[in-house]
S.K.: 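My questions all concern the structure below.
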Amino acid sequence: MFKEIIIIPAYNEYKTLNKILKKISNKYKVIVINDASTDRTDALLNAKKIENIKNKKNKGYEKSLILGFKYVIKYYPNIENIITFDADGEHNTFDLTKIIRFFNKKKPDLLICNRINIKRLSEKKIYHKFKKKFQLKDPLSGLKVYKVSVLKNFIEKLKFKYFLVDLVKLYCNSNCKVINYPIKCNIIRNRKARIGNIAKANNKILNIQKII
C-alpha cells in the first residue's frame, strides 16, 4: 500500500506530462489536476486511466494544487504524504526514489527540493531573500513533499497568488520541521509562462517578496 500520492497540476503540457507519466504511473500513485487544458491532456489521462480532477475553467497553479490537497485529504484519509510535481519537464523523475527515501529518514513536516541551477533572476531574488530570513532555499520549487497530518492545519489559510510560498511561510512561522533536499532541474528553453507573458510572470514572482 502506497504512503504517498503525487499531485501533478497540468495546463496544456501534454508532451512533457506524457513523458512523466510513462516513467512514474506504474511505480507511484498519481493524481493529475487538469486545469482546463485545451490540448490532448484529457485524452492522455483517459487512455492511461490516470486518476484526475478536471477543472471546468482555468483556475491557475495555486488553486489547482489546493484543490488536489483537499481531494486527497477527503478521499485518501490513510495517505501520509503528498508530493507535488510540475508537469513542464523541469523535474527529473529519477529523483523521486531518493527524495522519498530521504523524507522517510529525516521525517520533516515539509521537504523543499531546492533547485541548484535556477536561471530566472526574479526567482533567484526570492531564493536569497527566503534563505536569509528562514535559512531555507527555493520556496518556489514545485517539487515538495508535505506531511498530510500537518498540511491539514493550514489548508484553509492559503491564498491563490503566491505560488504557495505563503504555505511554506506558515510552516516556518509555526515551528514546523522544514528542510531542503538539493536537486538539479532541467532548464526549459523558451518556456511559456503559465500566467500570461514573461513580464507578468516575473512581476508576480517579485510581488512574493512582499509576503516574506
Side-chain angles (χ1 to χ4, degrees), residues 6-11 13 33 35 58-70 72-73 81-88 90-91 95 99 103 106 108-185 187-188 191-212:
I6 299 175
I7 294 178
I8 305 177
Y11 175 60
E13 292 163 310
I33 314 301
D35 195 18
N58 185 259
K59 295 180 179 291
Y61 182 78
E62 296 93 337
K63 286 186 178 181
S64 293
L65 274 182
I66 293 170
L67 181 64
F69 290 158
K70 291 181 176 179
V72 171
I73 289 170
N81 310 309
I82 291 174
I83 301 171
T84 58
F85 197 97
D86 288 348
D88 59 6
E90 182 178 49
H91 308 315
D95 282 330
I99 290 167
F103 186 92
K106 298 296 184 179
D109 298 312
L110 170 62
L111 177 65
I112 303 171
C113 296
N114 59 291
R115 299 161 294 172
I116 60 176
N117 54 333
I118 296 175
K119 294 297 183 181
R120 185 182 281 170
L121 180 60
S122 56
E123 290 194 43
K124 286 184 177 180
K125 290 182 178 180
I126 300 297
Y127 184 109
H128 292 299
K129 186 171 183 178
F130 207 87
K131 181 182 176 183
K132 183 178 180 180
K133 185 168 183 179
F134 295 106
Q135 292 76 55
L136 288 167
K137 304 171 184 176
D138 201 11
L140 284 168
S141 173
L143 181 46
K144 299 184 178 78
V145 187
Y146 298 85
K147 183 186 291 185
V148 173
S149 60
V150 178
L151 178 62
K152 290 178 181 179
N153 299 326
F154 303 120
I155 200 71
E156 301 299 335
K157 300 178 182 179
L158 302 179
K159 307 297 181 183
F160 302 133
K161 57 182 180 179
Y162 298 120
F163 290 122
L164 298 190
V165 173
D166 56 324
L167 177 55
V168 181
K169 184 180 176 182
L170 281 170
Y171 271 80
C172 294
N173 288 338
S174 300
N175 294 317
C176 294
K177 183 178 180 180
V178 185
I179 61 176
N180 280 125
Y181 181 89
I183 58 170
K184 186 175 182 180
C185 60
I187 302 302
I188 303 173
R191 173 186 293 196
K192 185 177 180 181
R194 294 173 176 169
I195 56 172
N197 57 42
I198 294 176
K200 184 177 179 180
N202 282 332
N203 184 61
K204 179 176 178 178
I205 291 171
L206 289 173
N207 282 335
I208 293 173
Q209 294 187 66
K210 298 175 183 178
I211 69 165
I212 297 176

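Numbers for residues simply follow the sequence, beginning at 1. Because the structure is a prediction, the values reported are computed rather than measured.
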S.K.: Quick one: do K59 and D35 make a salt bridge, cutoff under 4.0 Å?
M.R.: no
S.K.: Carefully, step by step, assess L143 and T84 under the rule side-chain contact (heavy atoms from CB on, under 4.5 Å).
M.R.: CA-CA 5 Å; L143 181 46; T84 58; 5.7 Å; no
S.K.: Identify the heavy atoms of C113 and S141 that sit nearest to each other, and give their distance.
M.R.: O-OG, 2.7 Å
S.K.: Checking D138 against I118 for the side-chain contact (heavy atoms from CB on, under 4.5 Å) test, could you report, in this order, the C-alpha distance in whole Å, the side-chain angles of both residues, the deciding distance, and whether it holds?
M.R.: CA-CA 9 Å; D138 201 11; I118 296 175; 3.6 Å; yes
S.K.: Within the 4.5 Å heavy-atom criterion, are R115 and E123 side-chain neighbours or not?
M.R.: yes
S.K.: Rounded to the nearest 0.5 Å, what separates atom OG in S122 from atom CD in Q209?
M.R.: 9.0 Å
S.K.: Over all heavy atoms of both residues, which pair between C176 and V150 is shortest? Give the atoms and the distance, please.
M.R.: SG-CG1, 3.8 Å
S.K.: Flag yes if more than 12 heavy atoms outside K106 fall under 6.0 Å of its NZ atom; otherwise flag no.
M.R.: no
S.K.: Report the distance from atom NZ of K70 to atom CG of L65, rounding to the nearest 0.5 Å.
M.R.: 12.5 Å
S.K.: What about F69 and Y146, are their ring centers closer than 6.0 Å?
M.R.: yes
S.K.: Are any of the side-chain heavy atoms of I126 and P139 separated by less than 4.5 Å?
M.R.: yes
S.K.: Would you say the side chain of F134 lies within less than 4.5 Å of the side chain of I212, judging by non-hydrogen atoms?
M.R.: yes
S.K.: Looking at every heavy atom in both Y61 and P9, which two are closest together, and how far apart are they?
M.R.: CE1-CG, 3.7 Å
S.K.: Are the side chains of L110 and K144 in contact, using a 4.5 Å heavy-atom criterion?
M.R.: yes
S.K.: Classify the ring geometry of H91 against F85: parallel below 30°, tilted from 30° to 60°, perpendicular beyond 60°.
M.R.: perpendicular
S.K.: For I112 and V168, which heavy atoms make the closest approach, and how far apart are they?
M.R.: CD1-CG1, 3.7 Å
S.K.: Can you tell if the side chain of V145 reaches within under 4.5 Å of the side chain of I82, non-hydrogen atoms only?
M.R.: no
S.K.: Of all the heavy-atom pairs spanning Q135 and K132, show the shortest one and how long it is.
M.R.: NE2-O, 3.2 Å
S.K.: Roughly how far, to the nearest 0.5 Å, is the OG atom of S64 from the CG atom of N58?
M.R.: 7.0 Å
S.K.: Indicate yes or no: does K147 engage D109 in a salt bridge with an N to O separation below 4.0 Å.
M.R.: yes
S.K.: Below 4.0 angstrom, N of the basic side chain to O of the carboxylate: do K184 and E90 qualify?
M.R.: no
S.K.: Side-chain contact test, heavy atoms from C-beta onward, threshold under 4.5 Å: evaluate it for F130 versus V165 and give yes or no.
M.R.: yes
S.K.: Are any non-hydrogen side-chain atoms of N114 and I183 less than 4.5 angstrom apart?
M.R.: no
S.K.: Mind running side-chain contact (heavy atoms from CB on, under 4.5 Å) on L151 and Y171 for me, showing each step along the way?
M.R.: CA-CA 9 Å; L151 178 62; Y171 271 80; 3.6 Å; yes
S.K.: Got a second to check how far K169's NZ is from I208's CD1, nearest 0.5 Å?
M.R.: 12.0 Å
S.K.: Are K131 and L136 close enough, and set up right, to give a side-chain contact (heavy atoms from CB on, under 4.5 Å), and what steps lead you there?
M.R.: CA-CA 5 Å; K131 181 182 176 183; L136 288 167; over 6 Å; no
S.K.: For the residue pair F163 and E62, establish whether any side-chain heavy-atom pair is separated by less than 4.5 Å.
M.R.: yes
S.K.: Where is the tightest heavy-atom contact between L158 and F154, given as atom of each residue plus distance?
M.R.: CG-O, 3.6 Å
